[in-house]
Amino acid sequence: MKQSLLKRRSLTLVILLTPMVLLLAGFLVLPVLGLLRSSFLPSTHLLDGTGFSLKHYVHFFSDTYYSSVLVETFVDGLIVSLVCLLIGFPTGYSLARLTSAARRWRMIVVILPLTLSLVVVVFGWLIILGRNGLLNSLFVYLGIFSSPKTLLFSRPAVLIVLVQQFLPFMILSVMSVVTQIHPVLEQAASNLRANRFVTFRKVILPLAVPGILVGFNIVFVLSISAFITPRLIGGARVAMLGSLIYETIMAQLNWPFGAAMAFVLFVSGLAFTVALNALVASRFTVRG
Amino acid sequence: MLALSKERDNFVPEADDLVVELRSVSKYYGEVAAVSNTSIGVRRGELLCLLGPSGCGKTTTLRMVAGFVEPTSGSITINGVDMTRQPPYRRDTGMVFQSYALFPHMTVAQNIEFGLENLKWPRDERKARVEEMLRLVELPHLADRLPAQLSGGQQQRIALARALAMRPAVLLLDEPFSNLDAQLRLRMREELREVVRSVNVTTLFVTHDQEEALAMSDRIVVMNAGQVEQIGTPGEIYESPETPFVAKFIGWCSLLKGTVGPDGSFTSAAGLRLDGNWSAGSATAVIRPEHVRLSTDDASGPSYQGRVLQAHYYGGATRIVLDLNGEQLTMQERFPFWRHPKTGDLLSVTISTDDLRVIPAEEDRR
Ligand SMILES: Nc1ncnc2c1ncn2[C@@H]1O[C@H](COP(=O)(O)OP(=O)(O)O)[C@@H](O)[C@H]1O
Ligand SMILES: [Mg+2]
């Protein structure tokens, strides 16, 4: 009786999961495995030839330029995630504490940027930050700048645009976790002589860690793999690994080396987020 | 079981030693008065209960004392210090929430220690106090559990221990038993009473359950539509209700509207006459089931013929609604099963008027 129920359950599970597993296997796992294979090709051109070689990995790690770009990419990812957290937490928290009616149109404002094509967003920023753009005109008009300055093609510009793009993910993750924290817990803390700051540190923050972590992971992964923004906003002067891979594959047609870089990014990104999650989890989970 | 401190049984709180005092407190939500012009004093060491129907403003009153709701007007003092505009964390109160509100990410011990940390108690004193509180609620073995691993009754006791650990001037409880099943509710009621007595803490308690209020309180504040109807001991509230609302709300009773004549006797609107010595004027008679008895041969006073409208058998007793000259009265009597009255039967009853309360009409218009 129990046995057959269990069997029926697992059958349902299989049926429910099959479409997703097939989709992921066909369009994600297989291509990634293909990419992995091609990163070991000795060729430096298209995906021709056979053989096995570590030369692309050796090339990546022996040239300090590439490893410095890798480090830079990670630092950028961390900065973007942290800034998103600093801006996104208060926003997500206050959204969560609104009534659902009051939340509705504010949510639309948060989500709207995600519905625009990334290219449109980036061109919008080009108009704002360009030499004859909005910001330069304004600053010159106000007398803050004596002549237009180059605001584009700098690392801060790239980081600002990345923050703008990925902020909604942080806001939504924080909001969803804070809606799970019942406001009566804040009142209880307050009754137990905790001021707003202590309540935040000892009650809200620990309970919000899962949402913060989700938001942080999403923003971090999206940032380190960004390529359109660094290319268009940062130009040739700002190198992030994503745009470097794009360049290598699309301009130089060097698929194997591009694949190798993609794999380095993939593995190191994964290792970093797993380590971060483990660290935070061990710090914030209670024994019990 | 906890040892009851005997001297506390005869405890009489002093009328002028107030731990919490609300003076003419009102709270408006827009145009709606949740609480209006309410004055209540909680005496040192007493268990004072706010009793009233749902929506009468009990929770709002309690939350104003805790500081979660700011009064629109009036003042609140705790131990003589004006706290009206102070945030909750500056007030010397300990609250047990209806949902317990234990911190889910902290162990039982950490929950209890939380308030002591914020009060900057030294570490070893905190640990000792946590142990003491766990012993008080008889759950020392649960110190390292998480709240999710506790039953409802256990969570309730931990919430109580957490609130009491800080030695607050006043313990606040909002319908603390409403999430428990009926049997557990009775037991927790006893336990709470014992714990509160053993640590001698002034307590302000909210309930809509009149039985709970009668059983637990030193004094009761009966509230209705945001206002205080009556403040008194359970005995005073039950025996001499000052308004028909209080009479109706506390225990079963029939309210008869009528007038008291110059001879001191009461005549109801439908013409039912009760002999007595009340002051003349229009009035409401409060007739409780225990005032109405089946006539016996040696009964004193007049006997009335009543027609049975409803009879509900409750095992131990039968509750009967009688029609007496056009007035409906409820009585409670033990009948052998074979003599059980049926709808339409005639019963001969007497009404004992010795301790019967007749409320003059001026008193219902406050
Ligand atoms: N935050 C609020 N906003 C608007 N009205 C409220 C609010 N809180 C309570 N009320 C109203 O105030 C009245 C008293 O509420 P409450 O104190 O919760 O009653 P009780 O605890 O006696 O059931 C009710 O009519 C309720 O609808
Ligand atoms: Mg209430």
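As the structure is a prediction and not an experimental result, all values here were calculated from the model. Only heavy atoms go into these numbers, but all of them, side chains included; no hydrogens, no water, no symmetry mates.
Contact between A:Ser190 and B:Phe68 at its shortest, heavy atoms only, is OG-CE2, 4.2 Å. When all heavy atoms of A:Leu192 and B:Phe114 are compared, the pair lying nearest together is CB-CD2, 3.6 Å.
The side-chain contact (heavy atoms from CB on, under 4.5 Å) check on B:Glu21 picks up B:Leu18, B:Arg23, B:Thr77, with sequence neighbours excluded. Partners of B:Arg90 under the salt bridge (charged side-chain N to carboxylate O under 4.0 Å, His left out) rule, at least two apart in sequence or in another chain, do not exist in this structure.
Sorted by first and then second residue, the pairs that involve residues 198-221 of chain A and meet ring pair (Phe, Tyr, Trp, His ring centres under 6.0 Å), not counting sequence neighbours, are A:Phe74-A:Phe220, A:Phe89-A:Phe200, A:Phe220-A:Phe272.
Taking the charged nitrogens against the carboxylate oxygens, A:Lys202 and B:Glu117 do have a contact shorter than 4.0 Å, which makes a salt bridge.
For A:Val203, the parts sitting under 4.5 Å from any heavy atom of chain B are the backbone and the side chain alike. At a 4.5 Å heavy-atom cutoff, the contact between B:Met95 and chain A is made by backbone and side-chain atoms alike. Contact of B:Leu116 with chain A is not made at all, since no heavy-atom distance falls under 4.5 Å. Contacts between B:Ser99 and chain A at a heavy-atom distance below 4.5 Å involve the side chain alone, from C-beta outward.
Annotation for A:Arg196: atom CZ does not count as buried by contact number, only 12 or fewer foreign heavy atoms lying within 6.0 Å.
Among residues 172-189 of chain A, the residues having any heavy atom closer than 4.5 Å to a heavy atom of chain B are, in sequence order, A:Val184, A:Leu185, A:Gln187, A:Ala188, A:Ala189.
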